[in-house]
Engineer: 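Below are the structure tokens for one structure; questions will follow.
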Amino acid sequence: MTSTASSTDLRQGQAPPDDERPSWQRRLRRFGYVPPAGAPAADVRDRLVPPYAQPSPRVWQVLGCPPHLADRITRWSGWGGPLLVTLLAGLLRFWHLGSPRAVIFDETYYAKDAWALVHRGFEVNWDKNANDAVLATHGHLAIPSDAAYVVHPPVGKYVIGLGELIFGFDPFGWRFMTALLGTLSVLLLCRIGRRMFRSTFLGCLAGGLMAVDGLHFVMSRTALLDGVLMFFVVAAFGCLVVDRDRAREKLAAALPVGPDGVARPDARIADTFRFGWRPWRWGAGVMLGLAFGTKWNGLYILAAFCLMAVLWDVGARKVAGARHPYEAVLKYDTGFAFLATVPVAIAVYVASWIGWILSPTDGTGGYFRNWAATDGRGGSWTFLPDWLRSLWHYEHEVYNFHVHLSSPHTYQSNPWSWIVLGRPVSFFYESPGPGSAGCPIGTTDKCAREVLALGTPMLWWAGCAAILYVLWRWAFRRDWRAGAIACGVAAGYLPWFMYQERTIFLFYAVVFVPFLCLAVAMLAGAIIGPPGSTDTRRAIGATAAGVLVLLITWNFIYFWPLYTGEAIPIDSWRGRMWLDTWV
């Protein structure tokens, strides 16, 4: 009899030998714990791929829903719920998307750079009065030919430019794609949360919270790069979560099943299993390349997500019974994981510069495009193509710019203050008088119109507690979901602490807003109570979680005028300045 057969061929009801018990049981034996002899063996497949939670039959009974209809609703809710949440998010984000009809904050760079990129393949220097000319002529003006030095990669600007090609060179056109990606990111988060928590309700809650976050909302309605970066980060994370499930399904299917129909850990299989083709991991590589090609801080997210994915593989092999999980992952998984992410991401990044690469090299092309043939002649790297040497020089200059950027700005902030919304950024402000720009005629004083990049305060302040909860859950319960959420927050947040003297802004935090919403949803699930809780416990928990969600929703509605540039009396505006640093 082979070792595989001897390790799984157990008679019905017989307790497994010590070396096959879960690790926590083996550790507890040191303190005198002995599991019951007749305890049913756990199926390791349920640990590798946990089933989705099903609504309690009592819920349908209370609602008076017949069983056949309840089954149909349950089947369709996996997509129906997320789509309804996404529809709400889309209606909010596309409502009066072209207002304010102005070039707000850094749209002055990215809207025009995007228009030049999709027409010339590289950014150009615009006249100082170009913003007024764009609005006055509805974008019908000549594009300059003089190349401009820009410090962000082109992917995000190509995305913005796609909306301009479809809808024109005006505020609606350059905001369209960020609104679309912001809406789709809500759908992605609903589905990601559902897969992580094995709960349609908690998945939709996470997406719903992001739909009513003020920072995500404002960034979805503004032609800046950070909202585009956020979308690609969420998409990459989603690809890795799906890949995790698919890999564990393959591993679970490979484990031998005993006569009792229960699969148990098997060291030989867990230590030697090959996962094979993993298309979702390659998809994550593409998304991370697009993130890196939007803003350079995508590199930190690439590194964090790659490490997280490797640790997930280690965890899967441990659950399946591997005696040397780290060695197995190093031998069978790490090389393919690296190839599917890092080289793919770099290739996507380089490909995103194709417009600049194909531009003329006679001095009329992209900035620094002719560097290798002029200032860069000679040296030890002349065997490389000129376009690659010129691109490398460009990247080196951009790196120096980012590292040494210290130009003071009114709305710059230290990352320590971001999580509590210490210093939001005003994208647009004007003070119309009564009867103008939406200011009510009967107003005794002037009005205020502002677009403030401010997260929904109740959500973010609850998020502070939620982050502490997921850190506790990860450290003491080894909950992979908490670890994944913490990784997403850390990858989008912690790198900025290395540049505290640099000019940085709170709206950079939109990259980790999805993970903040996942954390709050996870906390809400804990408040509601685990399966099997008493009706009283569930009722109290559901009431508390419901109150929290209602407060967050009310808070978003209350700050709506500050997110959309709606004219309100100046006293109402002052009433919404909860902290002195918001002014």
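Everything quoted here is computed from the prediction, not taken from an experiment.
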Engineer: Can the ring centres of F428 and F105 be said to be less than 6.0 Å apart?
Structural biologist: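 Ring-ring flag for F428/F105: false, centres at least 6.0 Å apart.
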Engineer: Could you give the distance from CD (E450) to CG (L454), rounded to the nearest 0.5 Å?
Structural biologist: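 Answer for the CD-CG pair, E450 versus L454, is 9.0 Å.
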Engineer: Strictly below 4.0 Å, N to O, side chains only: are E107 and R175 in salt-bridge contact?
Structural biologist: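 Yes, E107 and R175 are salt-bridged.
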Engineer: Do T178 and M219 come close enough that some side-chain heavy atom pair is under 4.5 Å?
Structural biologist: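 Answer no - side chains too far apart.
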Engineer: Compare the SG-SG distance of C204 and C190 against 2.5 Å and report whether it is shorter.
Structural biologist: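 Between C190 and C204 there is no disulfide, given that their SG atoms are not under 2.5 Å apart.
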Engineer: Go through the steps for N370 and S390 under the test side-chain contact (heavy atoms from CB on, under 4.5 Å), then give the verdict.
Structural biologist: CA-CA 7 Å; N370 64 337; S390 295; over 6 Å; no
Engineer: Determine yes or no for a side-chain-to-main-chain donor-acceptor pair under 3.5 angstrom, with Y349 supplying the side chain and A291 the backbone.
Structural biologist: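 No; judged by distance alone, with no hydrogens or angles, the pair does not exist.
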Engineer: Heavy atoms only: give me the nearest V398-V151 pair and the separation to one decimal.
Structural biologist: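 Where V398 meets V151 most closely, the heavy atoms are CG1-O, 3.4 Å.
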Engineer: Between the side chain of K157 and the main-chain N/O of H152, is any donor-acceptor distance below 3.5 Å?
Structural biologist: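 Yes; at least one donor-acceptor contact below 3.5 Å.
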Engineer: How close do A206 and L518 get, heavy atom to heavy atom, and via which atoms?
Structural biologist: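 Smallest interatomic distance, heavy atoms only, reads CB-CD2, 3.8 Å.
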Engineer: Taking the side chain as every heavy atom from C-beta outward, state whether C447 and P440 have any atom pair closer than 4.5 Å.
Structural biologist: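 Of all side-chain heavy-atom pairs linking P440 with C447, at least one is under 4.5 Å.
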Engineer: Assess whether side-chain contact (heavy atoms from CB on, under 4.5 Å) is satisfied between M210 and F515, documenting all intermediate values.
Structural biologist: CA-CA 9 Å; M210 193 162 75; F515 303 98; over 6 Å; no
Engineer: Are any non-hydrogen side-chain atoms of V233 and M230 less than 4.5 angstrom apart?
Structural biologist: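 No; the side chains remain at least 4.5 Å from each other.
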Engineer: Do R369 and W356 form a cation-pi contact, if we require the NZ or CZ to be under 6.0 Å from the six-membered ring centre and within 45 degrees of the ring's axis?
Structural biologist: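 Cation-pi check for R369 and W356: passes.
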Engineer: Using the ring pair (Phe, Tyr, Trp, His ring centres under 6.0 Å) rule, take F305 and F237 through it: C-alpha gap first, then chi angles, then the decisive distance, then the call.
Structural biologist: CA-CA 7 Å; F305 281 9; F237 183 77; 5.7 Å; yes
Engineer: Does W416 have more than 12 heavy atoms from other residues, nucleotides or ligands lying within 6.0 Å of its CH2?
Structural biologist: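 Count not over threshold, so no.
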Engineer: Can you list the steps and then say if F507 with F427 is a ring pair (Phe, Tyr, Trp, His ring centres under 6.0 Å)?
Structural biologist: CA-CA 10 Å; F507 65 80; F427 284 177; 5.6 Å; yes
Engineer: Keeping the roles fixed (side chain from R221, backbone from Y563), state whether a donor-acceptor pair exists under 3.5 Å.
Structural biologist: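 Checking the backbone N and O of Y563 against the side chain of R221, no donor-acceptor pair under 3.5 Å is found.
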Engineer: For residues L97 and A179, report the shortest heavy-atom separation together with the two atoms involved.
Structural biologist: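 Heavy atoms of L97 and A179 come nearest at CD2-CB, 3.9 Å.
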Engineer: Tell me, please, whether F197 has R481 positioned over its six-membered ring: NZ or CZ under 6.0 Å from the ring centre and within 45 degrees of its axis?
Structural biologist: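 No, cation not above the ring by the 6.0 Å, 45° rule.
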Engineer: Does the side chain of I419 come within less than 4.5 Å of L516's, by heavy atoms?
Structural biologist: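 Contact flag for L516/I419 side chains = yes.
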Engineer: Under a 4.5 Å cut-off applied to non-hydrogen side-chain atoms, are R281 and C239 in contact?
Structural biologist: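 SC-SC contact between R281 and C239 ruled out.
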Engineer: I143 and V124: side-chain contact (heavy atoms from CB on, under 4.5 Å), yes or no, with the steps?
Structural biologist: CA-CA 8 Å; I143 303 173; V124 300; 4.1 Å; yes
Engineer: Is the distance between the ring centroids of W353 and F122 under 6.0 Å?
Structural biologist: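 Centroid distance W353-F122: not below 6.0 Å, so no.
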Engineer: Which pair of non-hydrogen atoms, one from T456 and one from G214, has the smallest distance, and what is that distance?
Structural biologist: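 For T456 and G214, the tightest heavy-atom pair comes out as OG1-N, 2.8 Å.
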Engineer: Would you say CD of E501 has more than 12 non-hydrogen atoms from neighbouring residues, nucleotides or ligands within 6.0 angstrom?
Structural biologist: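 For E501, atom CD is not crowded (no more than 12 foreign heavy atoms under 6.0 Å).
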Engineer: Would you indicate whether the side-chain heavy atoms of D386 and T361 approach each other to under 4.5 Å?
Structural biologist: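 No - every pair of side-chain heavy atoms lies 4.5 Å or more apart.
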Engineer: So which heavy atom on L506 is nearest to which on A453, and how close?
Structural biologist: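 Scanning both residues, the minimum pair turns out to be CD2-O, 4.0 Å.
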Engineer: Parallel, tilted or perpendicular for F556 and W560, by the 30°/60° rule?
Structural biologist: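 Perpendicular: the ring planes of F556 and W560 meet at over 60°.
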Engineer: Does the plane of the ring in H393 sit parallel, tilted or perpendicular to the ring in W371? Use 30° and 60° as the thresholds.
Structural biologist: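 Taking W371 first and then H393, their aromatic rings lie parallel (interplane angle under 30°).
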Engineer: Considering the options I552, V513, N555, V420, which one meets the side-chain contact (heavy atoms from CB on, under 4.5 Å) requirement together with W460?
Structural biologist: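 Of the listed options, the one satisfying the test is V513.
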Engineer: Do side-chain atoms of S359 reach the backbone of G366 as a donor and acceptor pair under 3.5 angstrom?
Structural biologist: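 Yes, the answer is positive, given that a donor and an acceptor are paired below the 3.5 Å cut-off.
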Engineer: Check E123 with K112, please: is the shortest side-chain N to carboxylate O separation under 4.0 Å?
Structural biologist: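 Salt bridge: no.
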Engineer: Parallel, tilted or perpendicular: which describes the rings of Y367 and Y149, with under 30° parallel and over 60° perpendicular?
Structural biologist: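 Y367 vs Y149 ring planes: tilted.
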Engineer: Let me see the working for V241 and R191 under side-chain contact (heavy atoms from CB on, under 4.5 Å), right down to the final yes or no.
Structural biologist: CA-CA 10 Å; V241 170; R191 293 289 298 176; over 6 Å; no
Engineer: Can a donor-acceptor pair be found, under 3.5 Å and without considering hydrogens, that links the side chain of Y493 to the backbone of P415?
Structural biologist: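 The answer is yes, because a donor-acceptor pair under 3.5 Å joins these two groups.
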Engineer: Could you walk me through whether Y429 and W573 satisfy the ring pair (Phe, Tyr, Trp, His ring centres under 6.0 Å) test, starting with their C-alpha distance in whole Å, then the side-chain angles of each, then the deciding distance to 0.1 Å, before giving a yes or no?
Structural biologist: CA-CA 11 Å; Y429 185 87; W573 176 83; 5.7 Å; yes
Engineer: Measuring from L229:CG to N297:CG, what's the distance to the nearest 0.5 Å?
Structural biologist: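 Between atom CG of L229 and atom CG of N297 there are 5.0 Å.
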Engineer: May I ask you to test the I301-L288 pair for a side-chain heavy-atom distance under 4.5 Å?
Structural biologist: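 Of all side-chain heavy-atom pairs linking L288 with I301, at least one is under 4.5 Å.
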Engineer: Between R389 (side chain only) and P385 (backbone N and O only), is there a donor and an acceptor less than 3.5 Å apart?
Structural biologist: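 The answer is no, because no donor-acceptor pair under 3.5 Å joins these two groups.
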Engineer: Aromatic rings W578 and W582: how do their planes relate, parallel, tilted or perpendicular, breaks at 30° and 60°?
Structural biologist: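 Parallel.
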Engineer: Please check: side-chain N/O of R377 versus main-chain N/O of T374, any donor-acceptor pairing under 3.5 Å?
Structural biologist: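 Yes, because the side chain of R377 sits within donor-acceptor range (under 3.5 Å) of the backbone of T374.
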Engineer: Check whether R423 reaches the backbone of S413 with its side chain - one donor and one acceptor, N or O, closer than 3.5 Å.
Structural biologist: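 Not a single qualifying donor-acceptor pair exists.
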Engineer: Taking ring pair (Phe, Tyr, Trp, His ring centres under 6.0 Å) as the criterion, tell me which of W115, F169, F167, Y109 meets it with W174.
Structural biologist: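 Between W174 and the candidates, ring pair (Phe, Tyr, Trp, His ring centres under 6.0 Å) is satisfied uniquely by F169.
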Engineer: Which pair of heavy atoms, one from P82 and one from L187, lies closest together, and at what distance?
Structural biologist: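 That would be CB-CD1, 3.8 Å.
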Engineer: Compare all side-chain heavy atoms of V451 with those of T564 and state whether any distance is below 4.5 angstrom.
Structural biologist: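 They are not in contact (no side-chain heavy atoms under 4.5 Å apart), so the answer is no.
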Engineer: Strictly distance-based, threshold 3.5 Å: is any side-chain N or O of D213 a donor or acceptor partner for the main-chain N or O of H216?
Structural biologist: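 Yes; at least one donor-acceptor contact below 3.5 Å.
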Engineer: Using a 3.5 Å distance criterion without hydrogens, assess whether the side chain of N414 forms a donor-acceptor pair with backbone atoms of S417.
Structural biologist: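 Judged by distance alone, no pair lies under 3.5 Å.
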Engineer: Establish, yes or no, whether the cationic atom of K295 lies under 6.0 Å from the six-membered ring centre of Y508 and within 45° of the ring axis.
Structural biologist: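 Yes; both conditions hold, so K295 lies above the ring face of Y508.
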